[in-house]
Amino acid sequence: MAKVQVGIIGAGPAGLTLALILQKAGIRSLILENRSKQYVINRVRAGLLEQNTVDLFNELGVGGRMRREGDEHHGVYLSFNNKKIHIPFGEHTGGRHITIYGQQEIVKDMIETCAERGIEIKFEATATHIEGVETDAPSIVYTEGGAEKVLNCDFVAACDGFHGIGRKHLPKDSYQEFRIEYPFSWLGILAYAPPASDELIYSYHKNGFALLSMRSAEVSRLYLQVTNDDKVENWSDERIWDELDVRLDDGAGFKLNRGEIFEKSITPMRSFMIDNMQHGRLFLAGDAAHIVPPTGGKGLNLAVADIRFLSKALINWFEKGDDSGLKTYSEDCLRRVWRAQDFSNFMTTLMHKMDEHGSYTNQLQKAKFDYISVSKNYEATIAENYVGLKEI
Ligand code: RFL
Ligand code: PHB
């Protein structure tokens, strides 16, 4: 039976970041990942990295390609009823900014670095249950190649996403659960088309929300608000481009560059949260414990922020026998998670079609947008949350 100091479930941003930080401190971990390597490095998801996240990837020595190929943004556009305003970050955040770099690219970079540094990742190895979390010798039972195996460890880090098994091993009475299912989803596309804007555009339109993002000078990433029962098959390439043109129109001749669409998928929008992320020797991080709707670009960044606390707490325990960081782990993470829950909910309800165009709710959205357009204070609140608060 294998034994490591920290058994990690999940090779997403949370699990990989944890393994790399622990390795630097001389702590042995092993990652169990139920998907294949190919699947994990091709899974299209996030693109917006906060400055804190980028700084950590650089400190870990996995930021080389991100620095070369990623794109720094120093502002963002918000558009409402075809009127576009710009929110600059620098003047409100002491020069902090965001970086646009695909999640699958950083995941690929981290997986390669793990291999170079001798961190073992078992792909196509599915954790089925976790045992002994109330003892000082927990273990993860997993299946690999049809055989059941056991990984013994001192601690278990469940970095296994929203559908993982980690959360199911917390005692039911140890947490409260909070959940919002929004009545809309995002249709997301990737296209070989030069981005038509230098910075992201979040747009409210009476037909629904649209977001213009990008991955490189040649690849655009775009999203449309659709209903929860909508299907990718209902959206021909032409219909997608036409609708994006309508929703992103800024009244000043804005036109998208069209190109071949090579990825199309629909993602439901939800906010989800539990207010305890640990039990005994089991610690949850990232999407395993919380989901935010992607309108604020916070999910991956929160996963990495959790790992900052968890890695520091584990290192203090292994090096000094100090368990203070482990004891306050949930509390430390939850402050930032609640801040991001609030900001993501704010951005979602400000920019999506929440009710009939012209309704009371819609007038309040418009009132907020009009206020943002004239208030430096409101602009600053958005800028510092969007870039990610340094503390909290
Ligand atoms: P992940 O990435 O889901 O990784 C969990 C891993 O665990 C594996 N797993 C298991 N392995 C072994 N045994 C089991 N029993 C297992 N169960 C699960 C899974 O296969 C997987 O590999 O969680 P992590 O590490 O917490 O990272 C979270 C982020 O992936 C997520 O929050 C972001 O993608 C959210 N998100 C965004 N976040 C941002 O910070 N900025 C963005 O711009 C942004 N845009 C987005 C997004 C998510 C989106 N979708 C598709 C949900 C845009 C979209 C459209
Ligand atoms: C993305 O580029 O995929 C992206 C950017 C900003 C968001 C969500 C997704 O808020």
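Small disclaimer: the values here were computed from a predicted structure and weren't measured. Nothing fancy with the numbering, it's 1 onward along the sequence. Both counts, for ligands and for their atoms, begin at 1 and track the order of listing. Hydrogens, waters and symmetry mates are skipped; everything else that's a heavy atom, side chains included, is used.
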How far is [atom] from its nearest protein heavy atom, and which residue and atom is that?
atom	answer
atom 3 (O) of ligand 1	Arg45 NH1, 3.0 Å
atom 25 (O) of ligand 1	Ala14 N, 2.9 Å
atom 3 (O) of ligand 2	Tyr223 OH, 2.6 Å
atom 4 (O) of ligand 1	Gly12 CA, 3.5 Å
atom 6 (C) of ligand 2	Tyr202 OH, 3.3 Å
atom 20 (O) of ligand 1	Glu33 OE2, 2.6 Å
atom 9 (N) of ligand 1	Asn34 OD1, 3.6 Å
atom 44 (C) of ligand 1	Ala46 CB, 3.0 Å
atom 50 (N) of ligand 1	Thr267 CG2, 3.8 Å
atom 13 (N) of ligand 1	Ala127 N, 3.0 Å

What distance do Leu334 atom CG and Asp275 atom CG have between them, rounded to the nearest 0.5 Å?
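Taking CG in Leu334 and CG in Asp275, the distance rounds to 7.0 Å.
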What are the atoms of ligand 2, with element, lying closer than 4.0 Å to any heavy atom of [X]?
X	result
Leu48	6 (C)
Pro294	7 (C), 8 (C), 10 (O)
Arg45	3 (O)
Gly297	10 (O)

Between [X] and ligand 1, find which residue part has any heavy-atom pair under 4.0 Å and reply side chain, backbone, both or neither.
X	result
Arg43	side chain
Tyr223	side chain
Gln103	side chain

Could you tell me whether the side chains of Arg96 and Asn52 share a donor-acceptor contact shorter than 3.5 Å?
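Yes, because at least one side-chain N or O of Arg96 sits under 3.5 Å from a partner of the opposite role on Asn52.
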Are side-chain N/O atoms of Ser271 and Tyr182 paired as donor and acceptor at under 3.5 Å?
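Looking only at side-chain atoms, Tyr182 and Ser271 do form a donor-acceptor pair, the distance falling under 3.5 Å.
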Go through the steps to decide whether Phe272 and His290 satisfy the test ring pair (Phe, Tyr, Trp, His ring centres under 6.0 Å), and finish with yes or no.
CA-CA 5 Å; Phe272 174 85; His290 39 75; 9.2 Å; no
Does ligand 2 have an atom under 4.0 Å from some heavy atom of [X]?
X	value
Lys298	no
Ile100	no
Met347	no

State whether Arg247 and Glu243 are salt-bridged, where the test is any N-O pair (Lys NZ or Arg NE/NH1/NH2 against Asp/Glu carboxylate O) under 4.0 Å.
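Judged by the 4.0 Å cut-off on N to carboxylate O distance, Arg247 and Glu243 do form a salt bridge.
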Is any side-chain N of the basic residue among Arg308 and Glu391 closer than 4.0 Å to the acidic one's carboxylate O?
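Between Glu391 and Arg308 there is no salt bridge, as every charged N stays at least 4.0 Å from the carboxylate O atoms.
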Below the 3.5 angstrom mark, is there an N/O of Gly47, backbone or side chain, next to an N/O of ligand 1?
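There is such a contact, yes.
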My understanding is that we take every heavy atom of each candidate and find the minimum distance to atom 31 (C) of ligand 1. Doing that for Thr53, Leu302, Asp160, Asp287, which one comes out nearest?
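Looking at heavy atoms only, Asp287 sits closest to atom 31 (C) of ligand 1.
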Given Thr143, Leu300, Val304, which has its nearest heavy atom closest to atom 40 (O) of ligand 1?
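Checking each option, the heavy atom nearest atom 40 (O) of ligand 1 is found in Leu300.
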For Gly297, atoms of ligand 1 separated by under 4.0 Å from a heavy atom:
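Under 4.0 Å from Gly297, ligand 1 has these atoms: 39 (C), 40 (O), 41 (N), 42 (C), 43 (O).
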Ring centroid separation Phe262 to Tyr192 under 6.0 Å:
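Judged by ring-centre distance (under 6.0 Å), Phe262 and Tyr192 do meet the cut-off.
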For Leu350 against Phe80, the heavy-atom pair lying closest together:
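Taking every non-hydrogen atom into account, O-CE1, 3.6 Å.
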